[in-house]
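Worksheet: the structure to be examined is printed underneath.
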Amino acid sequence: NKIEDDYVMGGALGKGKFGSVFLCRSKVTGVEFACKTLPKGEETVHKEVEIMQHLSGHPGVVTLHSVYEDAESFHLVMELCSGGRLIDEMTKEGRYSEHKSANIFKDLMLVIQYCHDMGVVHRDIKPENILLTASGKIKLADFGLAMRIANGQSLSGLAGSPAYVAPEVLTGDYGQKADIWSAGVLLHALLVGVLPFQGDSLDALFEAIKSMQLDFHSEKWQSVSKLARDLLERILTRDVAARITAEEVLSHPWMMFYTERTL
Ligand code: ADP
Ligand code: MG
Ligand code: MG
């Protein structure tokens with residue numbers, strides 16, 4: 001079947017580096033989905049599909065419903081996240097309360113922990129790739145840069161988005177902890193309203209990521225609770241071995257204090 005046989009295509013939902021994402025509606029059930037169209041010949045398309053299938057079933061991962069192939073493209077029919085992107089909500093909101101930040105961050109850490117337990121490094125954690133459902137729950141999307149790695153294995157090669165990239169990605173081998181760093185950059189943006197590392201050029205930005213000391217005791221972070229600053233410091237640690245894991249983030253006192261208890 002061609003995708004046009006089964007779905008009515010609708011308007012654009014977003015545009016990425018390689019392809020576009022459109023709204024579509026099943027002709028059989030009337031249910032709406034998001035369709036990501038990727039040009040063929042991109043070897044990474046197969047990997048993106050394979051990893052999405054591998055991770056399917058977790059409530060924090062965008063579900064891949066079906067895949068179509070024609071002469072030029074692959075079409076990935078995915079669960080529709082009608083709440084849009086977290087980045088757009090952040091732009092509107094400016095800064096989030098500690099309570100709201102902690103609840104978003106907890107859901108993000110649960111899905112990152114799941115990916116890591118499943119042997120996957122996402123490598124592109126940023127609010128452009130975090131989508132929201134109609135009820136405001138987060139869904140991790142865009143597994144285009146994700147890699148499966150065996151226990152103890154590491155990756156090399158620059159990947160990700162400049163402001164979110166971990167220092168070890170810039171200098172050598174890395175693994176799961178690179179996602180934790182990127183999530184920490186996001187947490188900083190949620191709580192403070194600005195990115196922790198900035199630069200006038202790419203080189204200046206990378207230099208800041210590799211060497212700028214963030215002193216979370218200084219006045220700049222006065223508006224953020226002590227507990228949140230402690231967590232940021234433990235995540236934005238250049239020493240990879242000392243940086244905390246997803247599991248440790250989830251049991252950090254800031255998480256305990258500010259998230260809803262589910263008993
Ligand atoms: P790229 O790999 O090109 O960055 P993404 O998978 O990140 O592509 O998708 C690009 C954009 O399309 C997203 O930022 C978002 O705006 C939109 N989008 C992607 N998937 C969905 C979805 N399941 N539901 C709604 N919008 C989506
Ligand atoms: Mg993307
Ligand atoms: Mg991608």
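In what follows, every heavy atom counts, from backbone to side chain, and hydrogens, waters and symmetry copies are set aside. Note that ligands are numbered from 1 as they come in the structure, with each ligand's atoms numbered from 1 the same way. None of the values given here were measured: they were computed from a predicted structure.
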(message) Salt bridge or not between R234 and E248? Use side-chain N to carboxylate O under 4.0 Å.
(response)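 Salt bridge absent between R234 and E248.
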(message) Tell me whether K210 is salt-bridged to E168, with the criterion being a basic N under 4.0 Å from an acidic carboxylate O.
(response)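 Answer for the salt bridge query: no.
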Per-atom contacts of ligand 1 with [X], taking only distances under 4.0 Å to non-hydrogen atoms:
X    : result
N129 : 7 (O)
E128 : 14 (O)
M78  : 20 (N), 23 (N)

(request) Give the minimum heavy-atom separation between I130 and L186, together with the two atoms involved. (result)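 Shortest heavy-atom contact: CD1-CD2, 3.5 Å.
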(request) Measure from atom 15 (C) of ligand 1 to every heavy atom in K139, K126, R85 and give the option owning the shortest one. (result)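 It is R85 that holds the nearest heavy atom.
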(request) Select the closest option to atom 21 (C) of ligand 1 among D88, L131, V77, I130, judged by heavy-atom distance. (result)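 Answer by nearest heavy atom: L131.
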(request) Check whether the ring centres of Y258 and H99 lie less than 6.0 Å apart, and answer yes or no. (result)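 No.
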(message) Using a 4.0 Å heavy-atom cut-off, which part of A34 comes near ligand 1: side chain, backbone, both, or neither?
(response)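 The part of A34 near ligand 1 is the side chain, not the backbone.
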(request) Determine whether the side chain, the backbone, both or neither of V21 has a heavy atom under 4.0 Å from any heavy atom of ligand 1. (result)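 V21 to ligand 1: side-chain contact only, backbone stays beyond 4.0 Å.
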(request) May I ask you to identify the nearest protein heavy atom to atom 6 (O) of ligand 1, giving residue, atom name and distance to one decimal place in Å? (result)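 Heavy-atom neighbour on the protein nearest atom 6 (O) of ligand 1: K36 NZ, 2.7 Å.
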(request) Around atom 25 (C) of ligand 1, find the nearest protein heavy atom and jot down its residue, atom name and distance. (result)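 Of every protein heavy atom, C81 O, 3.4 Å lies nearest to atom 25 (C) of ligand 1.
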(message) Closer than 2.8 Å to the Mg ion (ligand 2): does that hold for any N, O or S atom in D142?
(response)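 Coordinating: yes.
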